[in-house]
Student: 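Quick one: structure below, then a few questions.
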There are 2 protein chains.
Amino acid sequence: MKTDDSKNKQSLQELIDTKDFVEHISVDCAIFGFDEGIMKVLLLKYHDLDLWSLPGGFVFNDEDLDDAASRVLYERTLLKDVFLSQFHTFGKIDRTENNVHRILLKNKAIEVSKDHWIFQRFITVGYCSLIDFTLVDSFPGALNETIAWFEVNKLPKMAFDHEEIIQRGLEHIRKDIDTQIVASKLLPEKFTMKELQTVYETVLGEELRRNNFQRKILALNTLERLEKFYDGSANKAPYLYRFADKK
Amino acid sequence: MKTDDSKNKQSLQELIDTKDFVEHISVDCAIFGFDEGIMKVLLLKYHDLDLWSLPGGFVFNDEDLDDAASRVLYERTLLKDVFLSQFHTFGKIDRTENNVHRILLKNKAIEVSKDHWIFQRFITVGYCSLIDFTLVDSFPGALNETIAWFEVNKLPKMAFDHEEIIQRGLEHIRKDIDTQIVASKLLPEKFTMKELQTVYETVLGEELRRNNFQRKILALNTLERLEKFYDGSANKAPYLYRFADKK
């Protein structure tokens, strides 16, 4: 999706003119979704640059860090009410490669003094989420103009250390997979063991053995077994399950 | 342990005069150790204030975030080569209660302008570690004068949001317990299942059933079974184990 360039320049100018951000701190959101068995991540593209980036932004002086992550995600993707997990803070000295912002501003003919806060060192706090891929119908914010899903194994050229942030976010989702799948609402209320296994396999990026999977998942006591599911076919009817309420 | 006050004032003055820290960012280290079956955390006490705090400090402009955590921990506790895990970043607006620094500086008769960086909002990155309690023989840095271990369930009055940081750090250690115990080097090279279970119980703060524990821990494939341990008593000799090398 494209936005017209004059609007884009205007909002970038607004961002640059903002004086009430906490300096040196940013937030970046790694939003994962899956499309027919493939894990994808949501990326934005810098204008006039062959570089993609995660939806990210800055923290207002009077704003909690977690709230900033939700607001930034909304402003840049229109995604709302997303279960965001903070997973890691990235603070290598050289992680913010200033040229990205310089070229971006130059291309838009926006003049900024050399000691502007946007050129300072930034430490970024990473948030991630697993969401329903089909929910996203959005447009980019001030700094970007296109938005798209990419397979996590086939990333385009990324700005800053965003490729590392994606890998770390994916590790977090995989480690915390039970909570993440429940929070993602990716499954219908009632589902078969096979449907659940497909979701696990997609997130983990590997095939699982059916018996092993079933034994391990049932040992967690997170599922409630319901009635059998008859689809009218000659196959043996599988049981339906739902996530048990944790009280 | 106490340090003399004149030295303390001098080093606090040095800290206040430092101009090459990244503003708004700090690091705090929650160091856990255990003493005869009880989990403890290492705290420092602010001078002339009835408030304890985690060993923490600031990040130099030319320093990676992770390196800052190690340096700060060393400067304030003399602990070296500690396996530090970054676990969460704390960014609530009101988490840095400026009065702590104001009173501290006033008590030492150090004059600081109202807009000094130390009074700004700070977002802090939490690091934690599980270490051998007996390793610590250290003295405090510029801001503090006493250092002590406290039971995690019996914390004294804490500065800022440090109590929350400790709770979150403890959750991280418990969630990541297998890695943390290996990294902590708390056990001798060869140990019995009973010794291992005691370490787990202490970290988790709960008793575990012997059969359950043994079954679960062996299923992880992280242990290597060695010879039996004969202590000359009439009891049945238990096997010794060691952590298997991961290759």
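Just so it is clear: chains get the letters A, B, ... in the order the sequence lines come, proteins before strands, and each one is counted from 1.
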Student: By a 4.5 Å heavy-atom criterion (distance strictly below it), what part of B:Ile123 contacts chain A: side chain, backbone, both, or neither?
Tutor: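 Contact with chain A involves the side chain of B:Ile123 alone.
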Student: Using a strict threshold of under 4.0 Å (side-chain N to carboxylate O), is an ion pair present between B:Asp176 and A:Lys175?
Tutor: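 So A:Lys175 pairs with B:Asp176 through a salt bridge.
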Student: Can you establish whether the number of heavy atoms outside A:Asp17 located under 6.0 Å from its atom CG is more than 12?
Tutor: yes
Student: Do you know which of A:Val59, A:Asp67, A:Val125, A:Ile25 has the most heavy-atom pairs with chain B at a distance under 4.5 angstrom?
Tutor: A:Ile25
Student: Can you measure from CG (A:Asp94) to CG (B:Asp64) and round to the nearest 0.5 angstrom?
Tutor: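 Result: 7.0 Å between the selected atoms.
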Student: Is it true that, when you exclude A:Lys40 itself, more than 12 heavy atoms of the residues, nucleotides or ligands shown sit nearer than 6.0 Å to its NZ?
Tutor: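 Yes, enclosed.
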Student: Checking A:Asp66 against chain B: side chain, backbone, both or neither under 4.5 Å from a heavy atom?
Tutor: neither
Student: What's the shortest heavy-atom distance between A:Arg121 and B:Glu63, and which atoms?
Tutor: NH2-O, 2.7 Å
Student: I'd like to know if the side chain of B:Gln86 and the backbone of A:Thr89 have a donor-acceptor N/O pair within less than 3.5 Å.
Tutor: yes
